[in-house]
Amino acid sequence: MGNKSIWHDVDSYFIDKLLPFDPTLEHVLKANREAGIPEIEVSPTQGKLLYLLAKIKGAENVLEIGTLGGYSSIWLARALPEAGKVYTLEINQEYANIAEENIRHAGFQDKVDVIAGKALDTLASLKEKGVPPFDLIFIDADKQNNPHYLKWALNLANSGALIVADNVVRNGEVINEQRTDEQIRGIRRFMDMLENEPLIESTAIQTVGQKGYDGFAIGVVK
Ligand code: SAH
Ligand code: DHB
Ligand code: MG
């Protein structure tokens with residue numbers, strides 16, 4: 001890909017035009033970098049897309065799989081009504097602690113629950129606890145488990161819920177059938193499930209920008 005510089009510059013232009021200076025989220029990114037957290041948050045324009053999707057949906061209860069430092073969690077929380085809630089799942093206890101700090105700093109400590117642990121375990125305990133069914137589910141953790149996360153998402157979704165999965169393109173690697181990389185295989189099996197699952201209508205969109213060449217899958221649960 002020879003166009004990375006223009007992708008980056010166009011993203012900067014859109015951020016400049018459409019995303020007013022945001023001290024809260026700037027603080028989160030700074031805190032994440034200072035804590036040595038990898039720079040793999042959704043980009044600002046993508047975070048705003050998540051926020052807008054949650055608004056369009058009128059989402060009240062959101063599930064996020066893959067918290068990192070809480071950057072996307074905060075975007076999602078901002079879209080919710082007073083009684084809204086984000087449950088966000090993170091395997092790394094240190095990241096979960098930083099996320100909680102960031103979320104408190106953003107004023108969303110009552111709206112966002114960071115749940116530390118392996119998502120496949122914490123999803124099961126959420127189900128047992130009888131968490132509300134979710135209106136929007138953002139899948140953004142270990143891609144090898146995407147097929148399991150899609151099953152859980154369908155299990156925990158409201159009728160009409162939106163399911164969004166990050167990183168389904170990975171520089172085009174998604175179409176490389178030879179790749180033995182577990183993450184790519186997980187994404188491909190996830191796409192196979194979308195192909196064959198009658199309970200969800202979906203599409204996938206390629207993206208370029210400050211986070212390189214990647215994409216989202218988006219589906220609506222029947
Ligand atoms: N949604 C975040 C980015 C998430 S990065 C944002 O845009 O700001 C992916 C995260 O998934 C990492 O923090 C990683 O630790 C976490 N993760 C990886 N495997 C996991 C698992 N099995 N269960 C829960 N979280 C997991
Ligand atoms: C990477 C990017 C992501 O958005 C993610 O969720 C996980 C990893 C990456 O670039 O490595
Ligand atoms: Mg991601």
Side-chain angles (χ1 to χ4, degrees), residues 1 4 7 11 22 24-33 35-51 53-54 62-79 86-103 105-106 108 112-126 136-153 163-174 181-184 186-187 190 204-218:
M1 291 292 138
K4 286 201 168 149
W7 299 347
D11 244 1
D22 195 329
T24 302
L25 287 175
E26 287 299 322
H27 171 90
V28 171
L29 293 176
K30 189 164 166 275
N32 290 357
R33 296 300 79 79
I37 291 180
E39 198 170 347
I40 55 174
E41 301 88 5
V42 293
S43 70
T45 52
Q46 292 170 349
K48 189 154 182 193
L49 175 66
L50 292 173
Y51 161 87
L53 288 172
V62 172
L63 173 65
E64 175 178 68
I65 309 177
T67 313
L68 197 75
Y71 180 81
S72 53
S73 325
I74 292 168
W75 270 116
L76 287 163
R78 282 178 171 175
V86 179
Y87 295 80
T88 182
L89 314 183
E90 175 53 53
I91 196 169
N92 183 314
Q93 183 68 57
E94 284 172 34
Y95 296 177
N97 293 344
I98 306 276
E100 283 202 320
E101 255 177 65
N102 285 334
I103 287 159
H105 183 267
F108 288 124
V112 182
D113 271 10
V114 181
I115 303 170
K118 267 176 68 177
L120 289 178
D121 297 338
T122 53
L123 284 163
S125 32
L126 279 179
L136 190 158
I137 298 161
F138 180 43
I139 301 174
D140 191 21
D142 50 334
K143 316 309 170 197
Q144 55 270 41
N145 277 320
N146 270 17
H148 298 293
Y149 297 149
L150 180 56
K151 268 194 213 137
W152 271 111
I163 296 179
V164 181
D166 192 22
N167 309 112
V168 300
V169 175
R170 303 268 73 195
N171 269 311
E173 286 298 327
V174 65
D181 179 298
E182 284 305 314
Q183 305 221 12
I184 302 298
I187 295 166
F190 171 86
I205 293 294
Q206 303 180 69
T207 57
V208 296
Q210 292 182 350
K211 294 284 152 91
Y213 171 38
D214 217 321
F216 291 105
I218 300 183

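Ligands are counted one by one from 1 in listed order, and the atoms in each one are counted from 1 as well. Only this structure's heavy atoms are used, side chains among them; waters, hydrogens and symmetry mates stay out. Because the structure is predicted, anything quoted here is derived from the model rather than measured.
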What protein heavy atom is closest to [atom], reported as residue, atom name and distance in Å?
atom	value
atom 7 (O) of ligand 1	Val42 N, 2.9 Å
atom 4 (O) of ligand 2	Asn167 ND2, 2.8 Å
atom 11 (O) of ligand 2	Arg170 NH1, 3.6 Å
atom 26 (C) of ligand 1	Ile91 CG2, 3.5 Å
atom 6 (O) of ligand 2	Asp140 OD1, 2.6 Å
atom 8 (C) of ligand 2	Ile40 CD1, 3.8 Å
atom 20 (C) of ligand 1	Asp142 OD1, 3.4 Å

Would you say [X] has any N or O atom under 3.5 Å from an N or O of ligand 1, going by distance alone?
X	result
Ala141	no
Glu90	yes
Phe138	no
Asp140	yes
Ser72	yes
Ile40	no
Ala119	yes

May I ask you to test the [X]-[Y] pair for a side-chain heavy-atom distance under 4.5 Å?
X	Y	result
Leu123	Leu63	yes
Trp152	Leu120	yes
Val174	Val168	no
Leu53	Ile218	yes

query = Quick one: does Gln46 get within less than 4.0 Å of ligand 1, heavy atoms only?
reply = no
task = Return yes when Tyr149 approaches ligand 1 closer than 4.0 angstrom through a heavy atom, no otherwise.
result =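 Judged by the 4.0 Å heavy-atom criterion, Tyr149 does count as contacting ligand 1.
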task = Nearest 0.5 Å please: distance from the OG1 atom of Thr122 over to the CG atom of Leu89.
result = 4.0 Å
query = Quick check: does Glu41 put an N/O/S atom under 2.8 Å from the Mg ion (ligand 3)?
reply = no
inquiry  = Distance check below 2.8 Å: does Asp140 bring an N, O or S atom to the Mg ion (ligand 3)?
reply    =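 Here the distance criterion (N, O or S atom, under 2.8 Å) is met by Asp140, so yes.
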message = Parallel, tilted or perpendicular, judged at 30° and 60°: which one describes the rings of His27 and His105?
response = parallel
query = For ligand 1, which part of Ile65 has a heavy atom less than 4.0 Å away: the side chain, the backbone, both, or neither?
reply =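 Looking at Ile65 and ligand 1, no heavy atom falls under 4.0 Å.
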inquiry  = Under a 3.5 Å cutoff, is there a donor and acceptor pairing between the side chains of Asn97 and Gln93?
reply    = yes
ask   = Side chains of Tyr95 and Asn32: donor-acceptor distance under 3.5 Å anywhere?
value =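 Their side chains do not contain a donor-acceptor pair, so the 3.5 Å distance test is not met.
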query = Do you know which two heavy atoms are closest between Asn146 and Gly186, and how far apart they sit?
reply =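 Closest pair (atom of Asn146, atom of Gly186, distance): CB-O, 4.0 Å.
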key: Angular separation of Asp166 OD2 and Asn167 OD1 about the Mg ion (ligand 3), given to 10°   =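 Value, to the nearest 10 degrees: 90°.
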query = Asp214 pairs by side chain to side chain donor-acceptor pair (under 3.5 Å) with which of Arg170, Gln46, Gln206?
reply = Arg170
key: Close-contact set for ligand 1 against Glu64 heavy atoms, below 4.0 Å   =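 In order of number, 1 (N).
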ask   = With atoms numbered from 1 as shown, which atoms in ligand 2 lie under 4.0 angstrom from a non-hydrogen atom of Asp166?
value =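 Counting from 1, the qualifying ligand atoms are 4 (O).
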task = Determine, step by step, whether Val62 and Tyr87 satisfy the side chain to side chain contact (heavy atoms under 4.5 Å, CB included) criterion, reporting the C-alpha distance in whole Å, the side-chain angles of both residues, the deciding distance to 0.1 Å, and the verdict.
result = CA-CA 6 Å; Val62 172; Tyr87 295 80; over 6 Å; no
message = So that I can tick it off, tell me whether Arg78 and Asp22 are bridged by a salt bridge, with the cut-off set at under 4.0 angstrom between side-chain N and carboxylate O.
response = yes
